[in-house]
Each structure stands twice: as C-alpha cells, then as structure tokens.
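A short write-up of the structure that comes next.
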Amino acid sequence: MGQNDPKKTQEIFDKNKSWICDRDHMELADKHAIYMHCLPCDRGYEVTDEVIDKEKGEGWLSAAFDEAENRLHVQKRSCP
C-alpha cells in the first residue's frame, strides 16, 4: 500500500473493501476468464485465496503464479 502506518493502511482497505476480486466477481466473467496479478498481492484485501489459488478445474482460472514466474525470468535477463 505504500504506507508505513498500519492504521492508515487499514483505513484504505476498509474504504475500498468492495474492490476485492472474489468468487462473485469471477462468476460474472466469461467461463474461460483468467485472473492475473503481477504479485505480490494482499490476500483477503485485493483477492480471495479461492480466486488466486484456482489453477485447475472448470470455469475461470488464475494465472497469477505463472505471470509472476515469467516476470522473474524477464527481470533476470534485464540485469547486467
């Protein structure tokens, strides 16, 4: 959150708690939707565990960990 004050951080999360990506939001998406996040995420505030951890099964899936792994390799290549 870019905040060093835990109370201020909690205020921001409380004010924007409807922004969380949860099952209800993903169920509104196409059945082949993919949840993406560049990580790190604030579990329970930005996204529920159920959404970010769903890598197999029917319907929408999460590609957050694949996306983070790809970013890691790109970052390694850009270092001198």
Side-chain angles (χ1 to χ4, degrees):
M1 287 299 305
Q3 299 288 333
N4 292 328
D5 180 1
K7 288 181 182 178
K8 180 68 174 169
T9 300
Q10 190 61 52
E11 282 178 30
I12 293 169
F13 281 130
D14 290 343
K15 181 180 174 186
N16 301 299
K17 63 184 170 186
S18 64
W19 291 6
I20 193 167
C21 186
D22 58 13
R23 171 182 277 280
D24 293 338
H25 286 98
M26 292 304 293
E27 292 293 334
L28 294 172
D30 183 83
K31 67 179 181 178
H32 301 294
I34 299 172
Y35 177 79
M36 298 181 76
H37 195 293
C38 60
L39 300 180
C41 69
D42 290 306
R43 285 175 176 256
Y45 294 100
E46 288 182 64
V47 61
T48 60
D49 292 342
E50 179 180 28
V51 170
I52 199 162
D53 293 334
K54 188 173 186 257
E55 296 179 344
K56 296 178 184 167
E58 295 290 319
W60 51 268
L61 299 174
S62 171
F65 295 105
D66 290 335
E67 181 181 3
E69 182 181 10
N70 290 341
R71 184 170 183 251
L72 172 69
H73 297 302
V74 170
Q75 293 300 110
K76 288 191 305 188
R77 285 192 57 129
S78 64
C79 294

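Please read these numbers as outputs of a predicted model, since none were measured by experiment.
Considering all non-hydrogen atoms of both residues, Ala64 and Leu39 come closest at O-CD1, 3.7 Å. Nearest approach of Ala33 to Ala29, heavy atoms of both residues: CB-CB, 3.6 Å. Closest approach of Asp53 and Arg43 over heavy atoms only: OD1-NH2, 2.8 Å. Nearest heavy-atom pair, Cys38 versus Ala68, reported as atom, atom and distance to 0.1 Å: O-CB, 4.4 Å.
The CE atom of Met36 sits 13.0 Å away from atom SG of Cys21, with the distance rounded to the nearest 0.5 Å. Residue Asp66 holds its CG atom at 15.0 Å from CZ of Arg71, rounded to the nearest 0.5 Å. The CD1 atom of Ile52 sits 13.5 Å away from atom CG of Asp22, with the distance rounded to the nearest 0.5 Å.
Shown here are the salt bridge (charged side-chain N to carboxylate O under 4.0 Å, His left out) partners of Glu27, two or more places apart in sequence or in another chain: Arg23. Applying the salt bridge (charged side-chain N to carboxylate O under 4.0 Å, His left out) criterion to Asp30, with sequence neighbours excluded, gives no partner residue. In this structure Asn70 satisfies the side chain to side chain donor-acceptor pair (under 3.5 Å) test with no other residue, sequence neighbours excluded.
Heavy-atom neighbours of Ile34 CD1 from other residues, nucleotides or ligands within 6.0 Å: at or below the threshold of 12.
A cation-pi contact, defined as under 6.0 Å to the ring centre and within 45° of the axis, links Lys54 to Trp60.
Counting only heavy atoms from C-beta outward, the side chains of Tyr35 and Leu61 never approach each other to under 4.5 Å.
Of the possible donor and acceptor atoms, none in the side chain of Glu69 sits under 3.5 Å from a partner among the backbone N and O of Phe65. Listed for the Glu67 side chain is a donor-acceptor partner under 3.5 Å among the backbone atoms of His37. Put simply, the side chain of Thr48 never gets that close to the backbone of Gly44: no donor and acceptor are under 3.5 Å apart.
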